[in-house]
A.B. asks: 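If you scroll down you'll find the structure; I have some questions about it.
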Amino acid sequence: MDFSVKKLASDAGVFFSRAVQFTQENLGQAEKTELDAHFENLLARADCTKNWTEKIFRQTEYLLQPNPSARIEEFLYEKLDRKAPSRPTNAELLGHYMLEAAKDFGPGTPYGSTLIKVGECQQRLGGAEREFLQTSAISFLTPLRNFLEGDWRTISKERRLLENRRLDLDACKARLKKAKAAEAKAACEGEAVPDFQETRPRNYVLSASASALWSEEVDKAEHELRVAQTEFDRQAEVTRLLLEGISSTHVNHLRCLHEFVEAQTAYYNQCHRVMMELHKELGSSSADVFSSNFGRNPSASADPDASAESPTAALETDVLQIEEVQPPASGTRKAKVLYDYDAADTSEMSLLADELITVYTVPGMDSDWLIGERGNQKGKVPVTYLELLS
């Protein structure tokens, strides 16, 4: 127990000495040991590396997992040293819902068969996304996390210890400076008695001169300064070696960055291939789907040779098709005109704001246009100028 009390008192004294030195430095009342320029550059580089690595790490987490609840869940499982449960990606969920909907609508129907194709494509996209997330987490996120939670914590710990050693060194320098000043003053005043507290007996006889006492105090302060300087130099060297290791960290993070880019490239290439295959498959079957649902107007078909004769003939054929097109048996809708529209050519129909017209579509027509009818007038009208009512 006695040893513990003494150690506690000693630690309290050291802490108080550091606090006094730190406060006096901030007030400009004490000198501070400055580190060399190279060391300061290493510190600044380390801080810059830590700050940007932390930002890149967080933003990459947001990119790979936008859901904050999922990120919190993964963080808790990681701290509990347990494997997080596997969850489907959004694309996989979408694909699952499309496949289930196709069962209810009928796989043999055009809509149902298309849902099956798109649903399977979404599931393939979800599988590619899952693989990309796993690869990126292992090759990119994990090294960044290891630096922040491992190497950087070690560097921070050694930097705090170096700062404490510096405060101890500067406190020893201040004590030595005061002791030398008191020794010089005592030597000038002869046998001047130090300022002791009035707690000694009046018949106490001083066994040594004040100058000799201050000389002993100077020797003690010089010894403490040498010890503090040795500990500071040793800690500075340890910290310097750790800070110089930041260069190796940059090399490692560069390699991880290349792996992340390769994984991202492979993911987007796979998604592009899947979507191009789907687009090609849907494009080959869309003509059959639309023709089976809407039918074709025999009178609307033009002679290929006639259409190739001249642009004028092509335009006349286009106008003729608009005039002769017939509304489907079902599928006409009422629409309210939102803005005035002036027809660009004879195949289009001009519109007035707030009027009601009948609209419908025909096979092969651009999705941005509809066929509009108003009395005996008929022509193409832009969808963006309409509000479909029924």
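Note: hydrogens, waters and symmetry copies are ignored here, and every other heavy atom, side chains too, is used. Quick caveat: nothing in here was measured; it's all calculated off a predicted structure.
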A.B. asks: Please determine whether side-chain contact (heavy atoms from CB on, under 4.5 Å) holds for the pair Leu162 and Arg166, giving the CA-CA distance in whole Å, both sets of side-chain angles, and the decisive distance to 0.1 Å.
C.D. replies: CA-CA 6 Å; Leu162 176 63; Arg166 185 198 64 77; 5.7 Å; no
A.B. asks: Working to the nearest 0.5 Å, report the span between CG of Asp151 and CG of Leu242.
C.D. replies: 8.5 Å
A.B. asks: Arg374 and Leu351: which non-hydrogen atoms are nearest, and at how many Å?
C.D. replies: NH2-CA, 3.9 Å
A.B. asks: Taking all atoms of both residues into account, what is the closest heavy-atom pair of Leu370 and Leu386, and its distance?
C.D. replies: CD1-CD1, 4.3 Å
A.B. asks: Tell me the closest heavy-atom pair linking Gly127 and Glu92, and the distance in Å.
C.D. replies: N-OE2, 3.7 Å
A.B. asks: Show the atom names and distances, to 0.1 Å, of all donor-acceptor pairs under 3.5 Å that link a side chain in residues 257-271 to residues at least two apart or in another chain.
C.D. replies:
unit_1: Glu259; atom_1: OE2; unit_2: Arg255; atom_2: NH1; d: 3.1
unit_1: Thr265; atom_1: OG1; unit_2: Val261; atom_2: O; d: 2.7
unit_1: Asn269; atom_1: ND2; unit_2: Thr265; atom_2: O; d: 3.2

A.B. asks: Check whether any side-chain N or O of Asn252 sits under 3.5 Å from a backbone N or O of Ser248 as a donor-acceptor pair, and report yes or no.
C.D. replies: no
A.B. asks: Roughly how far, to the nearest 0.5 Å, is NZ of Lys380 from CD of Glu348?
C.D. replies: 5.5 Å
A.B. asks: Before giving the answer on side chain to side chain donor-acceptor pair (under 3.5 Å), spell out for Asp170 and Thr33 the whole-Å C-alpha distance, their side-chain angles and the decisive distance to 0.1 Å.
C.D. replies: CA-CA 7 Å; Asp170 290 338; Thr33 299; 2.3 Å; yes
A.B. asks: Quiz question: by atom type and distance under 3.5 Å, do the side chains of Ser156 and Lys50 form a donor-acceptor pair?
C.D. replies: no
A.B. asks: If you count heavy atoms of other groups shown closer than 6.0 angstrom to NE2 of His223, is the number above 12?
C.D. replies: no
A.B. asks: Please indicate whether Asp340 has more than 12 foreign heavy atoms, meaning atoms of other residues, nucleotides or ligands, lying under 6.0 Å from its CG.
C.D. replies: yes
A.B. asks: Is it the case that the side chain of Thr109 and the backbone of Gly106 share a donor-acceptor pair, with hydrogens and angles ignored and the cut-off at 3.5 Å?
C.D. replies: yes
A.B. asks: Just by modelled atom types, is the Glu158 backbone N or O under 3.5 Å from a matching donor or acceptor in the Gln235 side chain?
C.D. replies: yes
